[in-house]
Amino acid sequence: MMNASKYKRQYYMPPVECMDWAKKEYVDKAPIWCSVDLRDGNQALVIPMSLEQKVEFFKLLVEIGFKEIEVGFPAASETEFKFIRTLIEQDLIPDDVTIQVLTQAREHIIRRTFEAVKGAPKAIVHVYNSTSFAQREQVFRKSKEEVLQIAVEGAKLLKELAAETEGNFQFEYSPESYTGTEQDYALEVCNAVLDVWQPTPDNKAIINLPVTVEHSMPHVYASQIEYMSKNMKYRENVILSQHPHNDRGCGVADTEMGMLAGADRVEGTLFGNGERTGNVDIITVGMNLFSHGVDPELDFSDMPHICEVYEKCTGMQIDERSPYSGALVFAAFSGSHQDAIAKGMKYREERDPDHWNVPYLPIDPHDVGRNYDADVIRINSQSGKGGVGYILETKFGLNLPAKMREAMGYTAKGVSDHKHKELQPEEIYELFKATFENVTEPYKINEVHFEQKDGGITTKVTSTFRGRTITTEAAGNGRLDAVSNALKKAYELKYQLETYQEHALEQSSKSKAIAYVGIRKPDGTMAWGAGVDPDIIRASIDALVTAINNR
């Protein structure tokens with residue numbers, strides 16, 4: 001048995017109740033986004049990105065629309081340092097983008113950091129030291145006062161070096177392991193740093209509150225954020241930032257609740273890449289805003305391209321069920337789901353094309369560069385008439401009668417079940433043609449002649465059955481009925497002609513027509529056929545013969 005008693009609470013609630021965030025229904029605007037893919041994400045890779053890969057990834061982040069990008073920890077390695085210098089010296093940073101660099105609150109590392117960002121048009125220098133109870137007690141073995149002094153001395157050195165270094169700098173401070181820090185003490189440390197920096201409306205400071213390791217439920221983090229937001233000095237001149245990790249799988253919830261609680265800014269990565277279980281996934285947070293009608297101010301409209309560059313540069317694989325981006329997140333295999341989606345799409349097209357409210361699809365897949373045929377309706381042994389019918393109609397222009405859709409659905413399910421595989425749209429179309437279109441065995445019509453006589457139609461039908469050809473005459477109330485009566489007479493067939501439907505396959509003067517015929521057999525079941533021909537009469541006759549052959 002697992003021993004849960006070895007664990008105890010490792011987080012700290014605020015000293016006063018902070019639950020105003022819980023009264024809000026949703027986030028109504030995008031935060032300031034900062035990608036940390038090239039630092040936090042990169043350091044979590046088995047093989048960190050090369051210089052060339054980092055440049056390509058940086059360009060992707062700019063393309064998506066990030067205005068703040070953490071590009072590295074300059075003192076960590078020569079590649080990190082060289083990458084930052086490459087961005088600056090080769091003028092790769094757009095005018096509206098600010099790079100960010102990370103440094104521990106240690107003098108030699110801070111000095112190396114300013115060497116890296118010298119000449120940057122705009123740069124955030126992000127300094128941190130750990131403030132948590134566990135780190136103070138176990139790692140540093142320092143008092144609260146000593147740890148606070150590390151933060152203050154780091155803040156002073158940033159201010160001093162920024163004044164001496166060419167460039168335009170903004171400051172950011174993180175009390176690392178913030179959620180494992182006593183909240184009144186975390187506030188004291190942050191306020192001491194702010195007292196050094198003296199932020200102004202024209203030069204705001206960033207205070208970043210990281211969930212370095214996720215220990216609590218999301219509502220605890222929200223309460224912590226609200227406490228800091230309400231009690232922080234210089235609040236109007238502070239950008240309150242959050243940096244959630246995902247150890248409990250709650251990174252997105254932490255972030256969304258943190259925004260409700262007063263956070264102005266979010267640091268995270270694409271697809272949640274990061275240490276252990278990762279950082280918060282900015283794509284999910286941004287697309288969640290989008291699904292509520294809020295502009296995320298990031299462009300995820302070409303998700304396949306983003307996925308391709310991400311996997312190429314990081315060597316990571318995006319899970320098939322990753323929200324909004326995974327290969328299967330819009331896929332519906334269930335017959336009932338497919339039927340609801342198909343009906344919802346038709347309803348929207350006919351009645352409310354400007355709004356999205358389709359069952360089982362929280363957003364329109366087109367908005368992230370996906371398509372319905374390949375990504376939404378997927379056919380396997382669990383599928384049904386709705387999905388098969390939707391594919392045949394939207395991709396191949398076949399509008400089957402409702403009951404014929406059911407028959408085709410069972411046919412596709414049977415093949416998929418037998419082969420233990422998903423059927424692609426082209427396979428479904430070929431299966432339809434082989435099963436229901438212009439089937440000429442064992443019955444085949446060779447020639448048909450019509451004559452209008454006594455207010456009705458008389459026909460002479462030449463047909464073949466198992467090598468024997470005969471000609472039969474019969475009358476009917478229409479051409480198809482007359483042919484049907486002739487075949488019944490010739491071969492003593494017993495059925496009722498019950499369903500007939502037709503439509504053009506394309507809009508042109510030379511277009512072919514398709515006809516669908518359903519006949520009811522003596523046992524009450526239906527048999528179906530389709531015929532395709534430029535002549536609608538010939539198409540309907542071929543459909544009838546196919547239905548008879550499918551009895």
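Rounded to the nearest 0.5 angstrom, Cys307 SG and Tyr324 OH are separated by 14.5 Å. One finds the NZ atom of Lys521 at 13.5 Å from the OH atom of Tyr495 (value rounded to the nearest 0.5 Å). With values rounded to the nearest 0.5 angstrom, Cys34 atom SG is found 5.5 Å from Glu68 atom CD. Interatomic distance, Glu297 CD to Ile64 CD1, rounded to the nearest 0.5 Å: 14.5 Å. Here Thr255 contributes atom OG1 and Asn246 contributes atom CG; the two are 8.5 Å apart, rounded to the nearest 0.5 Å. Separation of atoms CG (Asn399) and CE (Met404) is listed at 11.5 Å; rounding is to 0.5 Å.
By the 4.5 Å heavy-atom criterion applied to side chains, Val266 and Ile32 are not counted as neighbours. A heavy-atom distance below 4.5 Å is not found between the side chains of Thr79 and Pro48. Taking the side chain as every heavy atom from C-beta outward, Arg321 and Leu328 approach each other to under 4.5 Å. By the 4.5 Å heavy-atom criterion applied to side chains, Met287 and Phe300 are counted as neighbours. Two residues are said to be in side-chain contact when any heavy atoms from C-beta on lie closer than 4.5 Å; Asp37 and Leu61 meet this criterion. Taking 4.5 Å as the limit, some side-chain heavy atom of Ile306 sits within range of a side-chain heavy atom of Phe271. Two residues are said to be in side-chain contact when any heavy atoms from C-beta on lie closer than 4.5 Å; Phe66 and Ile282 meet this criterion. The shortest side-chain heavy-atom distance between Arg551 and Leu493 falls under the 4.5 Å cut-off.
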Worksheet item: Step by step, would you call Tyr443 with Tyr491 a ring-ring contact (aromatic ring centres under 6.0 Å, His included)?
Response: CA-CA 10 Å; Tyr443 296 95; Tyr491 302 109; 5.1 Å; yes

Worksheet entry | Steps toward side-chain hydrogen bond (donor to acceptor under 3.5 Å, both in side chains) verdict (Asp254, Gln242) | CA-CA 9 Å; Asp254 284 337; Gln242 52 181 336; over 6 Å; no

Practice prompt. Determine, step by step, whether Leu260 and Val27 satisfy the side chain to side chain contact (heavy atoms under 4.5 Å, CB included) criterion, reporting the C-alpha distance in whole Å, the side-chain angles of both residues, the deciding distance to 0.1 Å, and the verdict.
Written response: CA-CA 6 Å; Leu260 288 175; Val27 178; 4.0 Å; yes

Worksheet item: Which is it for Thr464 and Asn446 under the side-chain hydrogen bond (donor to acceptor under 3.5 Å, both in side chains) test, yes or no, and what are the steps along the way?
Response: CA-CA 7 Å; Thr464 299; Asn446 305 316; 2.7 Å; yes

Item to complete: Could you check Arg276 against Glu214 for salt bridge (Lys or Arg N to Asp or Glu O under 4.0 Å), going step by step and ending with a plain yes or no?
Response: CA-CA 11 Å; Arg276 303 178 308 278; Glu214 198 173 44; over 6 Å; no

Worksheet item: Does the pair Leu298 and Ile283 meet the rule for a side chain to side chain contact (heavy atoms under 4.5 Å, CB included), with working shown?
Response: CA-CA 9 Å; Leu298 294 173; Ile283 289 178; over 6 Å; no

Item to complete: I would like to know whether Arg348 and Glu350 meet salt bridge (Lys or Arg N to Asp or Glu O under 4.0 Å); could you show each step before the answer?
Response: CA-CA 5 Å; Arg348 175 177 180 268; Glu350 293 173 351; over 6 Å; no

Practice prompt. Determine, stepwise, if the pair Leu361 / Ile341 fulfils side chain to side chain contact (heavy atoms under 4.5 Å, CB included).
Written response: CA-CA 8 Å; Leu361 293 178; Ile341 290 170; 4.0 Å; yes

Practice prompt. Could you walk me through whether Glu430 and Lys433 pass the salt bridge (Lys or Arg N to Asp or Glu O under 4.0 Å) test, one step at a time?
Written response: CA-CA 5 Å; Glu430 292 301 322; Lys433 291 200 294 184; 3.5 Å; yes

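Crowding of Met217 atom CE: a count of heavy atoms from other residues, nucleotides or ligands under 6.0 Å not exceeding 12. Enclosure of atom NZ in Lys122 by more than 12 non-hydrogen atoms of other residues, nucleotides or ligands within 6.0 angstrom is indicated. The environment of Lys29 atom NZ is sparse: at most 12 non-hydrogen atoms of other residues, nucleotides or ligands sit within 6.0 angstrom.
A donor-acceptor pair shorter than 3.5 Å can be found between the side chains of Glu275 and Gln43. Thr314 and Asn273 share no side-chain donor-acceptor pair at under 3.5 Å. Checked by atom type, the side-chain pair Tyr500/Glu502 shows a donor-acceptor distance below 3.5 Å. Side-chain contact, Glu447 with His449: a donor N or O sits under 3.5 Å from an acceptor N or O. Thr411 and Thr435 share no donor-acceptor pair across their side chains, judged by distance under 3.5 Å alone. Neither side chain, Ser322 nor Asp319, offers a donor N or O lying under 3.5 Å from an acceptor on the other.
Salt-bridge check for Glu56 with Lys312: passed, with a basic side-chain N closer than 4.0 Å to an acidic carboxylate O. Between Glu441 and Arg466, no side-chain nitrogen of the basic residue sits less than 4.0 Å from a carboxylate oxygen of the acidic one, so the salt-bridge criterion is not met. Between Lys421 and Glu427 there is a salt bridge, since at least one side-chain N of the basic residue sits less than 4.0 Å from a carboxylate O of the acidic one. By the 4.0 Å N-to-carboxylate-O rule, Arg538 lies close enough to Asp542 to be salt-bridged with it. In this structure, Glu393 pairs ionically with Lys346, as a charged nitrogen and a carboxylate oxygen lie closer than 4.0 Å.
Because its NZ or CZ atom is not both nearer than 6.0 Å to the ring centre of Tyr429 and within 45° of the ring axis, Lys395 does not count as a cation-pi partner of that residue. Phe450 carries Arg479 over the face of its six-membered ring, with the cationic atom under 6.0 Å from the centre and within 45° of the normal.
In this structure, the side chain of Asp264 does not engage the main chain of Ile239 through any donor-acceptor pair within 3.5 Å. Remark: the backbone N or O of Ala474 is not paired with any side-chain donor or acceptor of Asn485 at under 3.5 angstrom. Side-chain N or O atoms of Ser291 include none that pairs as donor or acceptor with a backbone N or O of Ile363 at under 3.5 Å. Without hydrogens or angle criteria, Ser540 side chain to Ala515 main chain gives no donor-acceptor distance under 3.5 Å.
When all heavy atoms of Asn438 and Gly531 are compared, the pair lying nearest together is OD1-CA, 3.0 Å.
Taking the six-membered ring for Trp and the full ring otherwise, His243 and His245 have centroids separated by under 6.0 Å.
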